[in-house]
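Comments concern the structure below.
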Amino acid sequence: MSNRAAILKSEKVGFEIRDTETGKPGKGEVLVKVHAAAIEPTDAELARYAILYTVMKVKYPTVLGSPIAGIVEALGAGVEKVKVGERVVCGTKIRVHRKAKYGGLQRFTVVDESEIVEARDEVPFTKAVTLASYTPPGALFGATTLNMHRPSIPASPLPDSEQGKKILIWGGSSAMGSISISYAKQAGYTVISTSSRRNFGLLKSLGADHIFDHDDPATVEKVRALFPIDYWHDTLSLFNSLEIIIKILAPEGGTVTKANVLLLDPPGMLGNPTLPEGVTLQMCRFSTHAPENKEWAEWLLSRGGFLEEGIKSGIVKGVPAEVVGGLEKVDEGIAMVNKGVRFIVLCLY
Ligand SMILES: NC(=O)c1ccc[n+]([C@@H]2O[C@H](COP(=O)([O-])OP(=O)(O)OC[C@H]3O[C@@H](n4cnc5c(N)ncnc54)[C@H](OP(=O)(O)O)[C@@H]3O)[C@@H](O)[C@H]2O)c1
């Protein structure tokens, strides 16, 4: 069982692909033979900007990458949720534990038992890995984030207090936005979303009810015509996406509509913009292990839970992955993410 990894030796030096030690799973941990590993924008940012190394307190040499999909190779003490040989998909804990053995861009990685979800035979690893992000369900249904009503399979009607409510998901063609649309629709909400025109078909296939071009100035008034909007989520979290959302909430010379806008990056990265009174920004900080998310974790991550069933049934949907090749393509993959390509997956076997 020899391991091989894309190792980031230090700041901004690029990756070295080499043989390395295979991690040992500790108590409650599982060793997975990685078949597909995703590169997320945060990985690309980590590989590019020295400041993030300081913020994230990355320890070198490190291995980035999350989520992963593959086959269970070995179990740590006390693991009961999965068996050796099972097909699974899972987020990695590299940004929490910060040791190389927890990164995804290697042949064998160590993950937490509690976050593993079975990937059924009918779902290719390269697809499962694009759908397993905890960020969209964390953003929408976490107790301290938007706290919307959680979906079920089969779908059930929204409770009376949520009937007829709408969510604006800005950037529905992004990796996070697309998955968010599928969760919000399954829960029973009306979804208003934006993308460039070329992605309207994608948003329709995800189930969005109202689709607008985020580059069209008329979108501001078109979205306002759908007020009241109950939940606001900027999945792009870019300077110009937030600027347009603020125009929707606070038209020049008009009345400000109070709203809390959930972002996926810290407002500091957008220069801490001045906000009209009544508009607040919230960065989506979400931990699958936080005590307030215990019920959420059971709903999403347990055996037969929403994520397992949602991936298997095709209810959890997202943008298709760009599979760029094996570990040796990691620099190319990071460069593509930096250029705005949505979901990059390395295929390790
Ligand atoms: N907090 C977390 O846990 C977490 C996790 C993952 C991601 N994130 C953050 O969430 C944000 C979205 O990540 P993602 O992976 O979902 O995004 P993504 O998939 O890379 O989104 C790319 C899409 O966004 C649209 N877009 C519009 N304006 C853009 C611009 N100026 N530059 C690039 N793309 C633009 C494009 O679609 P159209 O052609 O349709 O406009 C593009 O295809 C990032 O800021 C990332 O750092 C946070």
Side-chain angles (χ1 to χ4, degrees), residues 38-49 51-52 55-56 64-67 91-96 104 115 129-142 144-146 169-183 193-206 208 211-216 219 233-245 261-271 281-290 293 296 300 316-322 324 333-345:
I39 302 175
E40 286 187 333
T42 319
D43 296 319
E45 284 157 8
L46 274 168
R48 191 175 174 199
Y49 302 116
I51 188 165
L52 282 167
V55 176
M56 302 258 188
L64 303 175
S66 184
T92 73
K93 301 301 275 184
I94 181 61
R95 286 178 224 140
V96 179
E115 301 197 352
V129 82
T130 64
L131 301 174
S133 172
Y134 312 135
T135 300
L140 267 49
F141 310 113
T144 56
T145 45
L146 293 181
I169 297 175
W170 199 270
S173 58
S174 68
M176 298 300 119
S178 57
I179 300 173
S180 300
I181 293 174
S182 70
Y183 274 94
S193 192
T194 67
S195 70
S196 58
R197 248 163 219 289
R198 72 191 167 97
N199 283 321
F200 279 9
L202 169 73
L203 270 60
K204 202 162 188 222
S205 72
L206 297 166
I211 302 166
F212 301 114
D213 180 350
H214 47 208
D215 294 324
D216 178 359
T219 291
H233 186 18
D234 180 0
T235 68
L236 294 181
S237 305
L238 296 167
F239 182 77
N240 69 340
S241 58
L242 186 59
E243 191 179 40
I244 305 171
I245 291 174
V261 181
L262 190 75
L263 303 176
L264 292 181
D265 281 326
M269 280 179 74
L270 307 176
L281 302 180
Q282 180 187 359
M283 156 74 182
C284 176
R285 284 187 203 288
F286 188 83
S287 160
T288 53
H289 284 98
N293 294 325
W296 174 97
L300 190 77
V316 174
K317 300 188 190 93
V319 292
E322 289 267 351
V324 289
I334 295 271
M336 286 166 81
V337 175
N338 281 328
K339 277 193 197 135
V341 179
R342 287 175 292 202
F343 224 124
I344 300 297
V345 170

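Worth saying up front: this structure is predicted, and the values here are computed from it rather than measured. Counting convention: from 1, in listed order, for ligands and their atoms alike.
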Atom CD1 of Ile245 and atom CG of Asn240: how far apart are they, to the nearest 0.5 Å? 10.0 Å
dist Phe286:CZ -> Asn293:CG (nearest 0.5 Å) comes out at 3.5 Å
Select the closest option to [atom] among [options], judged by heavy-atom distance.
atom                    : options                       : result
atom 14 (P) of ligand 1 : Ser66, Gly172, Ala175, Ser133 : Ala175
atom 18 (P) of ligand 1 : Ser174, Ser195, Cys284        : Ser174
atom 46 (C) of ligand 1 : Leu264, Asp265, Leu270        : Asp265

Under 4.0 Å from a heavy atom of Met176: give me the atoms of ligand 1 that qualify, with their elements. 6 (C), 7 (C), 16 (O)
If you look at every heavy atom in Val316 and Ile179, which pair is closest and at what distance? CG1-CG2, 4.2 Å
Closest heavy-atom contact between His233 and Leu262? ND1-O, 3.1 Å
Hey, is [X] touching ligand 1 through its side chain, its backbone, both or neither, going by heavy atoms under 4.0 Å?
X      : answer
Thr135 : side chain
Ser196 : both
Thr235 : backbone

Would you call His214 a ligand 1 contact, heavy-atom distance under 4.0 Å? yes
Under-4.0 Å protein heavy-atom contact, atom 12 (C) of ligand 1: yes
Would you say atom 34 (N) of ligand 1 makes contact with the protein, given that contact here means a non-hydrogen protein atom less than 4.0 Å away? no
Check this for me - ligand 1, Arg198, N or O atoms closer than 3.5 angstrom, yes or no? yes
Quick check: Ser173 and ligand 1, any N/O pair under 3.5 Å apart? yes
Can you name the residues that form a side-chain hydrogen bond (donor to acceptor under 3.5 Å, both in side chains) with Ser241, not counting sequence neighbours? Asp234
Extract all donor-acceptor atom pairs below 3.5 Å that involve side chains of residues 169-176 and protein atoms in other chains or at least two apart in sequence.
from, atom 1, to, atom 2, distance (Å)
Ser174, OG, Gly171, O, 2.9
Ser174, OG, Gly177, N, 2.9
Ser174, OG, Thr235, OG1, 3.3

